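A short worksheet on the structure shown next.
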Amino acid sequence: MKAVVFDLDGTLLDTLDDLTDAVNAALYSQAMPSRTKDEVRRMVGNGIANLMLRAMPDERTDAVLSDIPPEDEKRNVHKRLLDSFKKYYDLHCEDNTTVYDGVTGLLKELKKRKIKTAIVSNKADFAVTKLKEHYFGDLIDAAVGEDEASGIRKKPAPDMVMKALDKIKVSPDEALYVGDSEVDIETAANSHMKCISVSWGFKSREFLLSHGAQTIIDAPGELADVFLTEG
């Protein structure tokens with residue numbers, strides 16, 4: 001194995017407190033009721049546009065932007081929510097976010113073994129870049145965040161993974177994908193990569209198993225000690 005592609009939220013970083021605060025700051029700006037941390041946990045994974053759509057009152061939890069007519073006032077409200085979220089999160093994305101125990105040690109071990117690393121996240125690209133630099137620096141070789149405006153589809157499409165692999169000059173069959181959600185399981189499958197799911201993130205072991213997880217680890221060290229030793 002020559003490389004590992006990591007999801008970010010719920011895999012490398014516990015970002016849930018800052019995400020919840022940003023969601024509620026945006027909702028407050030439009031006089032909408034707040035969401036609990038557990039509600040936000042269930043809403044994340046498909047990008048911030050869908051996160052804010054799901055956070056709006058009385059929306060289906062599987063709602064997507066195409067469900068809203070272009071001229072509907074609801075779309076205008078959603079845009080204001082999204083703008084508010086981005087402004088708040090840009091200023092506060094590091095307030096309470098922490099690196100999961102064992103992650104830094106894992107990344108150092110991978111670097112020692114000359115295994116390349118990348119982050120692929122449906123979080124906005126500006127935030128992915130900022131968090132990567134702040135928490136990991138040169139321990140991560142490349143980072144790709146959501147940028148559908150440029151024609152690169154977000155996860156679970158394989159586009160972002162392919163972009164990351166191109167940056168580190170590794171093919172899919174030489175890389176491992178690691179994530180904490182059903183979106184990550186789908187992304188790995190669509191990218192023709194083996195997926196390792198983690199139990200310490202935003203989704204439970206039971207949830208992951210019910211969504212097709214084949215291999216689940218309970219601590220970052222297991223990745224270095226077990227799955228990469230044959231590498």
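The first residue of the sequence shown is numbered 1, and numbering continues consecutively from there. Just so it is clear, the structure is predicted and the values come from calculations on it, not from any experiment. Just so you know, these numbers use all the heavy atoms, side chains as well, and skip hydrogens, waters and symmetry mates.
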Do L223 and I140 sit in one hydrophobic cluster, given that two such residues count as connected whenever their side-chain heavy atoms are within less than 4.5 Å of each other, even indirectly? yes
Distance in Å, D14 CG paired with L19 CG, rounded so as to fall on 0.5 Å steps: 9.0 Å
With no hydrogens and no angle check, is any side-chain donor or acceptor of K154 less than 3.5 Å from a backbone partner on G47? no
Would the distance check show the side chain of H211 and the main-chain N or O of V183 forming a donor-acceptor pair, the cut-off being under 3.5 Å? no
Do the side chains of D38 and R42 get nearer than 4.5 Å, heavy atoms only? yes
Given side-chain contact (heavy atoms from CB on, under 4.5 Å), test L81 with L27 step by step and report yes or no. CA-CA 7 Å; L81 284 168; L27 291 171; 4.1 Å; yes
Donor-acceptor pair, distance only, cut-off 3.5 Å: does the side chain of K37 make one with the backbone of L16? no
Hey, is the main chain of D180 close enough, under 3.5 Å, to the side chain of T11 for a donor-acceptor pair? yes
All heavy atoms of S197 vs all of I185, minimum pair found to be OG-CG1, 3.8 Å
With rounding to the nearest 0.5 Å, note down the distance linking SG in C195 to CG in D7. 9.5 Å
P172 and M162, any side-chain heavy atoms less than 4.5 Å apart: yes
Do you reckon F136 sits in the same ILVMFWY cluster as V5, going by side-chain contacts under 4.5 Å, direct or chained? no
Quick check: do E146 and K123 have side-chain heavy atoms less than 4.5 Å from each other? no
Does Q214 CD have over 12 foreign heavy atoms under 6.0 Å away? no
Do you know which two heavy atoms are closest between D9 and S121, and how far apart they sit? OD1-OG, 3.8 Å
Search all heavy atoms of Y177 against all heavy atoms of V120 and return the closest pair with its distance. OH-O, 4.4 Å
Can any side-chain N or O of N190 pair as donor or acceptor with the backbone N or O of P156 at less than 3.5 Å? yes
When you measure from the side chain of N24 to the backbone N and O of S34, does any donor-acceptor pair fall under 3.5 Å? no
What one should report as the nearest heavy-atom pair of D218 and S199 is OD1-OG, 2.7 Å
Going only through I, L, V, M, F, W and Y residues with side-chain contacts under 4.5 Å, is there a path from L8 to L107? yes
Are L51 and L13 joined in one hydrophobic group, where the rule is that I, L, V, M, F, W and Y side chains link up if heavy atoms are under 4.5 Å apart? yes
Kindly determine whether V23 and F85 satisfy side-chain contact (heavy atoms from CB on, under 4.5 Å), including the steps that lead there. CA-CA 6 Å; V23 166; F85 177 97; 3.8 Å; yes
Are the side chain of S210 and the backbone N or O of F207 linked by a donor-acceptor pair below 3.5 Å? yes
Should V144 and V178 be counted in the same cluster of Ile, Leu, Val, Met, Phe, Trp and Tyr side chains packed under 4.5 Å apart? no
I want to check something: taking the side chain as every heavy atom from C-beta on, are E222 and I196 in contact at a cut-off of under 4.5 Å? no
Report yes or no: does R35 contribute a side-chain atom to a donor-acceptor pair with the main-chain N or O of M56 at less than 3.5 Å? yes
If only atom types and distance count, is the side chain of S191 paired as donor or acceptor with the main-chain N or O of M193 below 3.5 Å? no
With a 4.5 Å heavy-atom cut-off, do S181 and D184 have their side chains touching? yes
Atom pair CG (L165) and NZ (K2), whose distance is rounded to the nearest 0.5 Å: 12.5 Å
V103 and Y135, any side-chain heavy atoms less than 4.5 Å apart: no
Checking the side chain of S29 only, and the main-chain atoms of A26 only, is there a donor and an acceptor separated by less than 3.5 Å? yes
Are any of the side-chain heavy atoms of Y100 and L106 separated by less than 4.5 Å? no
R153/M160 under side-chain contact (heavy atoms from CB on, under 4.5 Å): CA gap, chis, key distance, verdict: CA-CA 7 Å; R153 296 171 298 170; M160 297 172 72; over 6 Å; no
T117 side chain reached by L139 side chain, heavy atoms, under 4.5 Å: no
Rounded to the nearest 0.5 Å, what's the gap from CZ on F126 to OH on Y89? Could you check? 8.0 Å
Inter-residue atom distance H192.NE2 - S171.OG, 0.5 Å rounding: 12.5 Å
Enter the distance from R54:CZ to M43:CE here, rounded to the nearest 0.5 Å. 8.5 Å
Is D141 salt-bridged to K167, cutoff N-O under 4.0 Å? no
For the residue pair A175 and M1, what are the closest heavy atoms and their distance? C-SD, 3.4 Å
Apply the salt bridge (Lys or Arg N to Asp or Glu O under 4.0 Å) test between D83 and each candidate in R80, K79, K86; give the one that qualifies. K79
Can you tell me if Y88 and D21 form a side-chain donor-acceptor pair at under 3.5 Å? no
